[in-house]
Amino acid sequence: MKIAVAGTGYVGLITGVCLAEMGYDVVCSDIREDKVLLLQSGCAPIYEPGIHSLLRRNLDAGRLLFTADPEIAYKNADIIFIAVGTPENPDGTANLDHVYEAAYTIGLCIEKDSIICTKSTVPVGTNERIKEIIQSVKPAHLEVQTVSTPEFLREGSAIYDFFHGDRIIIGTDSEEAAKIVEQIFLPLKIPLVKTDPRSAEMIKYASNAFLATKISFINEIAAICDKVGANIEEVAFGIGRDRRIGPQFLQAGIGYGGSCFPKDTKALVQIAGHVEHQFELLEAVIKVNNRQQILAVQKAKEMFGSLEGMRVAVLGLAFKPDTDDIREASSLTIIEALLAEGASVIAYDPVAIPNARKVFGEALEFTADIQTAISGAELALITTEWDHIKYLPLEKYVQFMKNPVIFDGRNCYSLMEVSNHPITYISIGRPPLHPKKAQKPARKNSNMEGRYDETFTSILPD
Ligand code: NAD
């Protein structure tokens, strides 16, 4: 079985490397020659825990090839996965240019019957269009089947998710193609959901929309907690114990970001709109998230009046821990707002600085050393719950900041722990703490103690 993958981004690279790890012969293609060269040399262009060792092992074993020449990738492939990007258009719809280009190229290059599986997140009906495009250019004697196989991996644990996913969706009208795709993934023993292509495409959008809804829901509850004096952590714990609800995605914070939820929620609103259905619930989810992302800056303005000239440390650039992906990260919105307010920003992140530099250039300072970030800062904003941040002892803020004020957008610290330090501490959906109130007798118990390694200030690829 020869497999090709179109696109070597977060999804395509993980798919290609993991399929090779399963023992398949895999050729990954990308239109970006720089990425291909890097991958050929055994280096991953993205940060993803575990990727380097898998990449090198499979390159060395000769099961994995990277090429910028689509003919080499597609001509002998039995199965071709499309994993190219589907970014957001200005009107919120999914931009399918890369998907259709890939389909066109595949049609031109194939020299045998093949099955085309789409992993990219695409609106309902796209797989049909992909088939039409390939049919229009492929050699007449070849048979092509299309299968919608949407991807659910989480950046930061993408390799684990490939091998231990909750389900694999196989959406096709071809029984034969479904059986072949099923065979590929059978060794993983992951439950398969076989369905029609349109339902498969909708499953992906509905899954992301539901998870985003949970996040905005808990953020709404957090906003009410703030006003009525309840504690969102207690509330979320109590809600999450209900097995019908579950504890996941109930962490209040400064909103969801990343390359999927923001664009996929907007795309689903558009998909609904095109069939004259106003998806009011999802519109509200997006609105709440936009509000949540800017909350930290609003609260800082309320507290300080003006942020002009204030030194602010933004702790975390990646949209979540264990990735270098900053697409639609809440940190970006926050930094833009801080700069607009005239603040002087220094941003810390262990791996995402190169990506953030591409966005902000010299408009702010960057550091991969957390102590440098907070040194002399008047305000520290926690935007990503990296372990380096979660386990930074609170004494460090006291030691290195002028009058430590922390806005914790990810509720990384327990209130009990903070209350033992002379720190002004604002978090999400939990009562604020101020130094005067906070001078309580020390409590034994910090389970964070000893978990921060002074030398562990940046992460190198595995
Ligand atoms: P990405 O932007 O990281 O990577 C896309 C890659 O495709 C790029 O390297 C680009 O150069 C390449 N490409 C573009 N056109 C091409 C073509 N014609 N032929 C070959 N390569 C081409 O995107 P991603 O984050 O990997 O996402 C890919 C798709 O998977 C999107 O639809 C996304 O919504 C979906 N998805 C992403 C995630 C995630 O966590 N990133 C999770 C699930 C689903």
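Keep in mind that this is a model prediction, so the values were computed, not measured. Index from 1, following the sequence. Counting convention: from 1, in listed order, for ligands and their atoms alike.
The ligand atoms of ligand 1 that sit less than 4.0 angstrom from a heavy atom of Ser120 are 29 (C), 30 (O), 32 (O). The ligand atoms of ligand 1 that sit less than 4.0 angstrom from a heavy atom of Leu153 are 40 (O), 42 (C). The distance from ligand 1 to the heavy atoms of Ser29 drops below 4.0 Å at these ligand atoms: 20 (C), 21 (N). Near Ala83, meaning under 4.0 Å from any of its heavy atoms, are these atoms of ligand 1: 28 (C). Near Ala102, meaning under 4.0 Å from one of its heavy atoms, ligand 1 places the atoms 18 (N). Residue His98 approaches ligand 1 through these ligand atoms, each under 4.0 Å from one of its heavy atoms: 14 (C), 15 (N), 18 (N).
Of the charged side-chain nitrogens involved, at least one lies within less than 4.0 Å of a carboxylate oxygen, so that Asp25 and Lys2 count as a salt-bridged pair. Contact check on Lys75 versus Glu111 returns no salt bridge, with no Lys/Arg side-chain nitrogen under 4.0 Å from an Asp/Glu carboxylate oxygen. Salt bridge absent: Glu234 and Arg430 never bring a charged side-chain N and a carboxylate O closer than 4.0 Å.
With Lys35, Arg327, Arg32 as candidates, the residue nearest to atom 8 (C) of ligand 1 on a non-hydrogen basis is Lys35. Nearest residue to atom 40 (O) of ligand 1 from Glu88, Lys119, Arg154, Glu155 is Glu155 (criterion: closest heavy atom). Of the listed options Thr121, Val84, Thr86, Val84 places a heavy atom closest to atom 13 (N) of ligand 1.
Ile168 places none of its side-chain heavy atoms less than 4.5 Å from the side chain of Phe152. Using a 4.5 Å heavy-atom threshold, the side chains of Ile3 and Met1 count as touching. Inter-residue side-chain proximity for Ile286 and Phe279 is flagged as unmet; no heavy-atom pair is nearer than 4.5 Å. When side chains are defined from C-beta on, Pro197 does not count as touching Thr146, because their heavy atoms never get closer than 4.5 Å.
Atom 19 (N) of ligand 1 has its closest protein heavy atom at Ile31 CG2, 3.9 Å. Scanning the protein heavy atoms around atom 5 (C) of ligand 1, the nearest turns out to be Gly85 N, 3.5 Å. Remark: minimum distance from atom 27 (O) of ligand 1 to any protein heavy atom is reached at Val11 CG2, 4.0 Å. Of the protein's non-hydrogen atoms, Lys263 NZ, 2.6 Å is the one closest to atom 34 (O) of ligand 1. Closest to atom 7 (O) of ligand 1, if we only count protein heavy atoms, is Gly7 CA, 3.5 Å. Nearest protein heavy-atom contact of atom 43 (C) of ligand 1 is Glu151 O, 3.3 Å. Taking atom 10 (C) of ligand 1 as the reference point, the nearest protein heavy-atom neighbour is Asp30 OD1, 3.5 Å. Counting protein heavy atoms only, atom 4 (O) of ligand 1 is closest to Gly9 CA, 3.2 Å.
Residue-level proximity to ligand 1 for Pro150 is absent, since no heavy atom of it falls below 4.0 angstrom. Of all the heavy atoms of Ser259, the ones lying under 4.0 Å from any atom of ligand 1 belong exclusively to the side chain. By the criterion of a heavy-atom distance under 4.0 Å, neither the backbone nor the side chain of Leu13 is placed next to ligand 1.
A donor-acceptor contact closer than 3.5 angstrom is absent between the side chains of Asn58 and Tyr24.
In this structure a side-chain-to-backbone donor-acceptor pair under 3.5 Å is present from Ser136 to Ile133. Here the side chain of Asp349 pairs a donor or acceptor atom with the backbone of Ala318 at under 3.5 angstrom.
In this structure Asp226 satisfies the side chain to side chain contact (heavy atoms under 4.5 Å, CB included) test together with Lys299, sequence neighbours excluded.
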Distance-only criterion, 3.5 Å: show the donor-acceptor pairs between side-chain atoms of residues 96-105 and protein atoms not counting sequence neighbours.
unit_1	atom_1	unit_2	atom_2	d
Thr105	OG1	Glu101	O	2.8

